Amino acid sequence: MLNNDVYRRISELREKMSKSQKKIASYLVQHPDTAPFLTASKLAKQATVGEATVIRFAVFLGYQGYPDMQRHLQEALQQKMTSAEVFARTTDRDEQPAHAIEEILTDDITNLRATLQQIEPEEFERAVERMMGAKRIYVVAYRSAASLGQFLTFYLDLVLQNTELVEQADGVSEHLLDITEDDLVIGFGFARYTKRTVEVLKYVKQRGANTIVITDHALSPLVPYGDHVLLAATEINSFIDSFAAPHSIASALITAVTRSEHKKVQLRLQQLEELWVSFDVFYE
């Protein structure tokens with residue numbers, strides 16, 4: 001379904017819409033360049049309806065939820081837009097800086113709820129099982145996503161001792177030279193997607209390695225290379241992505257893996273605690 005199909009559906013279903021739904025439809029039609037970048041809460045405010053009404057409107061049009069409809073609205077535009085252009089479209093000069101904290105945290109809550117709804121528990125469990133069975137785990141995360149990769153790698157390697165972060169493009173060949181089908185690659189990628197992330201995932205799949213992809217939409221170019229795909233909503237009314245949801249997915253993966261390896265992890269943490277005390281690591 002492409003961008004123009006959203007408006008076609010709006011036209012076809014307009015007679016069946018409630019008064020509030022027609023308000024949303026009118027706003028989308030009248031603001032085709034800016035509306036696709038509004039979060040559900042922001043669109044609700046602009047259309048003077050409730051946020052729940054916006055979410056139900058997306059389902060009414062046949063989408064899985066608001067993030068799904070929003071992605072299709074954005075698709076044709078965002079592929080061609082730079083960060084500066086997105087910033088210009090999502091920033092209102094009249095808004096006060098003090099409003100940002102409430103707005104962005106509210107958007108993060110919306111993203112977390114949307115992510116919880118769209119992740120299949122069975123797929124998450126299969127991803128955890130794949131992590132537990134891997135000989136080596138490589139985490140691929142470039143640019144802003146590197147912060148997510150560092151977090152996941154730090155804790156996995158702390159307890160499993162088999163995880164390595166690939167964050168420098170120039171070092172990919174050295175990191176993945178000996179990768180085998182017993183290894184696992186976890187790739188992070190969000191719009192705008194980096195070519196190197198896609199290339200690395202394509203390469204490791206050709207080598208027979210297993211893969212987990214954490215990305216923002218089913219249309220992400222990373223999805224075809226993921227044995228397991230975990231989707232996280234990342235949209236906020238800004239030129240940056242919200243990483244609240246993908247960060248929570250990383251936290252959930254760490255927690256699930258360590259719980260599954262309870263005895264091994266407990267022993268490992270006890271040993272580390274003794275080492276930390278010996279080296280006086282933490283402030284007391």
Side-chain angles (χ1 to χ4, degrees), residues 1-118 190-192 216-219 231-245:
M1 190 181 301
L2 298 176
N3 186 39
N4 59 357
D5 286 330
V6 181
Y7 299 104
R8 176 179 57 78
R9 286 186 173 230
I10 288 175
S11 178
E12 292 175 349
L13 297 172
R14 194 173 187 85
E15 295 303 316
K16 298 181 181 180
M17 292 181 188
S18 65
K19 184 177 180 181
S20 294
Q21 288 176 329
K22 287 181 179 178
K23 286 184 177 181
I24 301 171
S26 295
Y27 190 87
L28 291 176
V29 171
Q30 293 169 12
H31 303 84
D33 291 339
T34 56
F37 296 95
L38 299 179
T39 59
S41 59
K42 192 74 171 182
L43 176 57
K45 180 180 178 181
Q46 296 296 329
T48 64
V49 300
E51 184 178 346
T53 302
V54 171
I55 295 171
R56 288 195 295 268
F57 177 77
V59 176
F60 171 78
L61 291 184
Y63 296 96
Q64 294 180 359
Y66 181 74
D68 188 29
M69 181 185 76
Q70 184 184 41
R71 178 62 64 187
H72 286 91
L73 284 167
Q74 290 180 359
E75 194 174 46
L77 289 173
Q78 193 159 358
Q79 287 180 350
K80 302 177 181 178
M81 293 176 66
T82 65
S83 296
E85 290 169 331
V86 174
F87 176 79
R89 292 177 184 274
T90 57
T91 303
D92 186 345
R93 293 183 180 180
D94 296 328
E95 287 186 326
Q96 298 299 313
H99 298 163
I101 182 66
E102 179 179 357
E103 177 186 345
I104 298 305
L105 265 64
T106 299
D107 291 343
D108 278 343
I109 292 172
T110 299
N111 283 332
L112 287 166
R113 287 173 176 165
T115 300
L116 186 59
Q117 291 177 350
Q118 68 186 6
F190 309 93
R192 301 157 68 190
D216 54 353
H217 195 267
L219 295 178
L231 298 180
T234 62
E235 300 293 342
I236 56 175
N237 193 41
S238 176
F239 77 101
I240 63 173
D241 288 324
S242 163
F243 281 167

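Since we're looking at a predicted model, the values are computed, not measured. Along the sequence shown, residues are numbered consecutively beginning with 1.
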Intermediate values then yes/no, side-chain contact (heavy atoms from CB on, under 4.5 Å), I10 and F57: CA-CA 10 Å; I10 288 175; F57 177 77; 4.2 Å; yes

Non-hydrogen atoms of M17 and A25 that approach each other most closely: SD-CB, 3.8 Å

Euclidean distance, K45 NZ relative to Y27 OH, rounded to 0.5 Å: 10.5 Å

Salt bridge flag under 4.0 Å for residues D216 and R71: yes

Heavy-atom check, side chain of S26 versus side chain of R14, under 4.5 Å: yes

CD/E15: more than 12 non-hydrogen atoms of other groups inside 6.0 Å: no

Q118 to L231 - nearest heavy-atom pair and separation: NE2-O, 3.2 Å

Validation row: L28, L43 side chains within 4.5 angstrom (heavy atoms): yes

Spacing of E51 atom CD and Y66 atom OH [to the nearest 0.5 Å]: 9.5 Å

Distance-only side-chain donor-acceptor flag, S18 / S20, under 3.5 Å: no

Closest approach of Q64 to V59 (non-hydrogen atoms, all atoms of both residues): O-CG2, 4.3 Å

E103 side, atom CD; D108 side, atom CG - distance, nearest 0.5 Å: 10.5 Å

Separation between NZ of K19 and CD1 of I24, rounded to the nearest 0.5 Å: 13.5 Å

CG-CG distance between L112 and D107, expressed to the nearest 0.5 angstrom: 11.0 Å

Minimum heavy-atom distance A40-V54, with the two atoms named: O-CG2, 4.0 Å

Gap between atom NZ of K42 and atom OG1 of T110 - 0.5 Å precision: 13.0 Å

Atom of T115, atom of A233 and distance for their closest heavy-atom approach: OG1-N, 2.9 Å

Any I104 side-chain heavy atom under 4.5 Å of S242 side chain: no

Any side-chain heavy-atom pair of F60 and T53 under 4.5 Å: no

